[in-house]
Amino acid sequence: MIDSKKEISLFVKNNFQPQSSKAAEYLYTSEEFLNLLFNTFPQNCIDSYELYEILCGLGYSPQKIKDKDKLKIVWAFSTK
């Protein structure tokens, strides 16, 4: 399998910027963000652990939000 982490990291860095959950245009769980990436990159080229490493390396941090009386962990970002 081709290592897509470097390409995905560059793609995210060039197209998105980290935000707080209150200021963000988009809030996605890891699964939702992976599905978004798989529209551009090969399906299952990275997993949720690799996504976590990529996003944390770019300065993102997972954030807790309340969604329908449940706690949800999301990545918050805006487009550049």
Side-chain angles (χ1 to χ4, degrees):
M1 183 180 274
I2 298 172
D3 182 12
S4 299
K5 291 187 285 187
K6 188 173 186 176
E7 291 84 9
I8 290 173
S9 181
L10 187 59
F11 176 80
V12 172
K13 182 179 179 180
N14 289 335
N15 292 288
F16 304 100
Q17 60 188 42
Q19 293 289 336
S20 69
S21 61
K22 293 184 190 317
E25 289 178 66
Y26 304 100
L27 299 171
Y28 283 128
T29 64
S30 291
E31 183 179 328
E32 292 167 338
F33 197 57
L34 281 170
N35 286 330
L36 176 81
L37 290 172
F38 295 153
N39 288 323
T40 304
F41 296 94
Q43 192 75 15
N44 300 320
C45 61
I46 62 169
D47 60 24
S48 58
Y49 180 76
E50 291 167 316
L51 177 65
Y52 180 87
E53 288 181 322
I54 290 167
L55 293 177
C56 287
L58 292 173
Y60 288 78
S61 56
Q63 300 181 37
K64 298 175 189 173
I65 62 168
K66 194 171 183 178
D67 183 42
K68 299 179 186 172
D69 296 327
K70 288 195 277 185
L71 194 59
K72 188 175 180 180
I73 306 296
V74 297
W75 299 99
F77 60 90
S78 296
T79 55
K80 288 188 171 182

> Cluster partners of Leu27, using ILVMFWY side-chain heavy atoms under 4.5 angstrom, listed by chain and number?
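Joined to Leu27, directly or through intermediates: Ile65, Val74.
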> What is the distance from atom CG of Leu55 to atom OG of Ser48, rounded to the nearest 0.5 Å?
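Going from the CG atom of Leu55 to the OG atom of Ser48 covers 11.0 Å.
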> With sequence neighbours excluded, tell me which residues meet salt bridge (charged side-chain N to carboxylate O under 4.0 Å, His left out) with Lys72.
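Scan of Lys72 (salt bridge (charged side-chain N to carboxylate O under 4.0 Å, His left out), adjacent residues dropped) gives Asp67.
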> Is there a side-chain contact between Pro18 and Trp75 (heavy atoms, below 4.5 Å)?
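The answer is no; the side chains never approach within 4.5 Å.
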> Distance from Glu7 atom CD to Thr40 atom OG1, nearest 0.5 Å?
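Rounded to the nearest 0.5 Å, the CD-OG1 separation comes to 12.5 Å.
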> Measure the spacing between OH of Tyr28 and CG of Leu34 and express it to the nearest 0.5 Å.
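The distance works out to 12.5 Å.
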> Quick one: side-chain hydrogen bond (donor to acceptor under 3.5 Å, both in side chains) partners of Glu32, sequence neighbours excluded?
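For Glu32 the side-chain hydrogen bond (donor to acceptor under 3.5 Å, both in side chains) partners, ignoring immediate neighbours, are Thr29.
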> To check you understand the geometry: which heavy-atom pair defines the closest contact between Lys64 and Leu71, and what is its length?
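Smallest heavy-atom distance, with atoms named: CB-CD1, 3.8 Å.
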> Quick one, Cys45 and Ile8 - any side-chain contact, counting heavy atoms below 4.5 Å?
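A side-chain contact under 4.5 Å exists here.
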> Between Gln63 (side chain) and Lys22 (backbone), is there a donor-acceptor pair under 3.5 Å?
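Here the side-chain-to-backbone pair does not exist.
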> Using every non-hydrogen atom in the two residues, find where Ser78 and Ala24 come nearest and quote the distance to one decimal.
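Ser78 and Ala24 have their closest heavy atoms at OG-CA, 3.9 Å.
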> Among Ile54, Leu51, Leu10, whose side-chain contact (heavy atoms from CB on, under 4.5 Å) with Lys5 holds?
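With Lys5 as partner, side-chain contact (heavy atoms from CB on, under 4.5 Å) holds for just one option, Ile54.
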> Please list all pairs passing the ring pair (Phe, Tyr, Trp, His ring centres under 6.0 Å) test where one or both residues lie in residues 4-23, with sequence neighbours left out.
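Sorted result for residues 4-23: Phe11-Phe41, Phe16-Phe33, Phe16-Phe77.
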> Test of understanding: with side-chain hydrogen bond (donor to acceptor under 3.5 Å, both in side chains), list the residues that count as partners of Ser20, not counting sequence neighbours.
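Listed in chain order: nothing, the list is empty.
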> If the condition is side-chain hydrogen bond (donor to acceptor under 3.5 Å, both in side chains), which residues does Ser9 pass it with, not counting sequence neighbours?
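side-chain hydrogen bond (donor to acceptor under 3.5 Å, both in side chains) list for Ser9, sorted by chain: empty.
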